[in-house]
Structures are given as structure tokens and as C-alpha cells.
Protein chains: 2
Amino acid sequence: MYGTARSEWRTTPRRAAVLEALHACDGFVSAQSLHTALVTDGVAVGLSTVYRTLRLLEAAGHVDVVRDSDGDGERFYRPRPDDGHRHYLVCRECGLSLAVESEEVERWVARIARDIGFHSVDHTVELTGMCDGCRPGPVDRRPHPAGRARVV
Amino acid sequence: MYGTARSEWRTTPRRAAVLEALHACDGFVSAQSLHTALVTDGVAVGLSTVYRTLRLLEAAGHVDVVRDSDGDGERFYRPRPDDGHRHYLVCRECGLSLAVESEEVERWVARIARDIGFHSVDHTVELTGMCDGCRPGPVDRRPHPAGRARVV
DNA sequence: CAGTATACGACAATGATTTTCATGTGCGGT
DNA sequence: ACCGCACATGAAAATCATTGTCGTATACTG
């Protein structure tokens, strides 16, 4: 199930449950809401374990992460597609998130790293905007009821 | 001094001091260390004011911001060059940060936004790696004494 | 120079994430 | 199967940058 890398950590029921719950979500979820979802679903799992598991998944490259644009740096997780990591365009109002094609950026990163001579260069790219349904009209704008959860 | 935009906020001694202190720093600084530097320098200024001023500067586009790569999402500020915003390649070990040429990415962002039809698309791009002086040798690696502060 | 909207600072509050530590459990070796 | 131990777990406390509160001070308008 964890496939790509050597097994550096144990496979336990909780971790499997966290991973499964993550896959069951549309789009990005926070650790907190993932925990809530699990508990609601009848899975007895501690908040710490959810956080720890998400960290493991992140370190292993199995999830993509975006951070809340405003202050507190809350993190949202999403299972990473098998064919490599992605970058996302997220609506500031309703949380709709779309994976975007980013080969151009990947090449740019590689070139910068090579030119400057840094090793092990990682990159973070986040795009935020307003989707079609959340028009920028200065009047009549209402917060989208769906919250920041959906993905396409 | 604030030049580019209409004066939407008062020019006060504290704000001038914060901006000056920011320019006096090499590379990125956190709000906390900027405050410490100010106080050490004999400038009586509250922490809240430093935070508020940095927020104003950020909103006005006068500073660039990067966020700590690990958990807490701490923010680091740097005066933005006059000719527009920049993206940075930051060394994970010593904090050395270099502004990189990013026109390719700017164009990519514009194209994505246009193709997908989002409005007011903002982007965040952060590159982290290991600079020349912080070799990846598995043994003998020592944390750089300079901390995460320098820039070129 | 007065009036008022804004800025200021000390301190409390926030809130996601991490740590602690006592207890439970996967898994390799026998 | 059984042991042993390193690792996993969770409840609660700790962390800590950042933001809110609110009474006071000060910049700016007329």
C-alpha cells in the first residue's frame, strides 16, 4: 500500500485508517478535520497520531501540502497522484482546488538549482485566486457555503 | 518614503523605524527578531506595532515574505526591490538567501490563470536547498553558525 | 488650536501543532 | 508460538508565533 519506498515505518491499523480517510476526501483537508472525520466514522484515533501520520506521509512524498494563505499557517493535505507531485490553484473564497500542469516550473526549478549550484533543491508553488462561482463583484459577494474542501 | 501608492496610512516614527530596521538587515528577518533588533537599538516599539507594520508593508507590496519550511509557519520579511517582487532560493542549513530570476514562472502563472479562468491569481514560490558551504556529506555536517539570516 | 480617527503598547487570548510520558503493540529472532 | 524491545499511541500539557483587546497617545484636518 505504501509502495514506492522501503518500509521505514510500521504499518499499523491507525495509519492505514488515516491514509484511507485521506483518500476518501475530495481535495485538501486539514489534520483537524481529518481527525474529526475519522472519529465521526467510528475510528478511534488520537489527534497526535493523525498529525504524526500526515508528517510521515509528507516526508515519504505520498501527500501534497498547501498552507492557509492567512496568518496561522494551517496545513492542508491531499494524496499525491502516482505520477508525481502537483501544484494547485485554490479559490480563496470557496476552497475549490485544481491541480495544474507545471512541467514548465519543474524545468525552471531544475535550471535555477543547477545554475546557482545548490543541492537538493525543493520547491513550493501555490496559486490562489477567485474561481468563476465567486465573482469579484464588490457588492453581493457571499462566502461560499462549501468551505475550503472541494477539488476537481 | 512609502512612494508607490496613495497614502492610506499615517507616517509615524515607529513605522519609519521598523522600515529602516528592515532595510538595515541582510536577508530575511522574522517579526520577532526585528523587534528585538529595534529594542536593542534603543527604539522603544511594541511587538504588536512591528507585526502591524509588517502586515501593512506586506499588503502594500513593499516586502517579500517567506515562511519557515517546518511546522509553525513562521514568517520572514525582506524589503522588496523597487523593480518588482522576487522569489528566493534559501539554504536550509544556514539561511543564505538569493533572489532568483523568475520571469518564466510569472508568465506560467499568468497563462494558468487565463486558461482556467480564475480572477486575481496570486502566487507563492519558494525554493529551498543546500548551498555550497553546507555540503550534504552524511558525516561532518555542522549547522552553520550564522543562522538563517544572510542574503546576497 | 480643537476634534477625531487612527496608532500605540502591555497583556491576554488564540489555535494549530508538538511534546511528554505512560501504556499498548508490530515484528524479528528464537 | 513466544519473547523482547523498539516503535506506535493517545490524553493532556506545552509551545509559540501571531492576533485581539482596550485604554491612552498622537498625527492630521479644518
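We name chains A, B, ... by the order of the sequence lines, and we start the count at 1 in each one. No hydrogens, no waters, no symmetry mates; every other heavy atom, side chains included, goes into these values.
- Side-chain proximity of A:Y51 to C:dA7, C:dT18, D:dT9: nearest is C:dT18.
- Taking the charged nitrogens against the carboxylate oxygens, B:R107 and A:E104 have no contact shorter than 4.0 Å, which rules out a salt bridge.
- Per the geometry, CG belonging to A:L34 stands 14 Å off P belonging to C:dA16, to the nearest Å.
- Look at CZ on A:R67: it is 11 Å from P on D:dT18, rounded to the nearest Å.
- Using a 4.0 Å cut-off, no side-chain N or O of B:T12 falls inside it from OP1 or OP2 of D:dT26.
- Comparing B:Y77 and B:R52, the nucleotide of DNA chain D nearest to each residue sits closer to the 5' end for B:Y77.
- Nucleotide C:dT14 holds its C1' atom 13 Å from the CD atom of A:E74, rounded to whole Å.
- With hydrogens and angles ignored, a donor-acceptor pair closer than 3.5 Å exists between the side chain of B:S48 and the base of D:dG20.
- Remark: the A:R10 side chain and the D:dC7 base include a donor-acceptor N/O pair separated by less than 3.5 Å.
- Taking atom CZ on A:R55 and atom P on C:dT17, their separation rounds to 10 Å, with Å as the unit.
- Separating the CZ atom of B:R15 from the P atom of D:dC28 is a distance of 10 Å, rounded to the nearest angstrom.
- Each of B:Q32 and B:R14 lies near DNA chain D, and the nucleotide nearest B:Q32 is the one positioned closer to the 5' end.
- For B:R75 and D:dT18, the CZ to P distance is 7 Å, given to the nearest whole Å.
- For the pair A:L56 CG and D:dC7 P, the computed distance is 13 Å after rounding to whole Å.
- The backbone N or O of A:P81 lies less than 3.5 Å from no partner atom in the side chain of A:R86, so there is not a single donor-acceptor pair.
- You'll find the ring centres of A:H23 and A:H62 outside the 6.0 Å limit.
- Summarising the geometry, atom CZ belonging to A:R78 is positioned 9.0 Å from atom CG belonging to A:L22; distances are rounded to the nearest 0.5 Å.
- We find that NE2 of A:H35 is positioned 18 Å from P of C:dG15, with the value rounded to whole Å.
- No continuous path of ILVMFWY side-chain contacts below 4.5 Å connects A:F76 to A:L47, so the two sit in separate hydrophobic clusters.
- If you check distances only, the side chain of A:T49 never reaches the base of D:dA8 with a donor-acceptor pair under 3.5 Å.
- Phosphate contact (OP1/OP2 of D:dA8, side-chain N/O of A:T11, threshold under 4.0 Å): absent.
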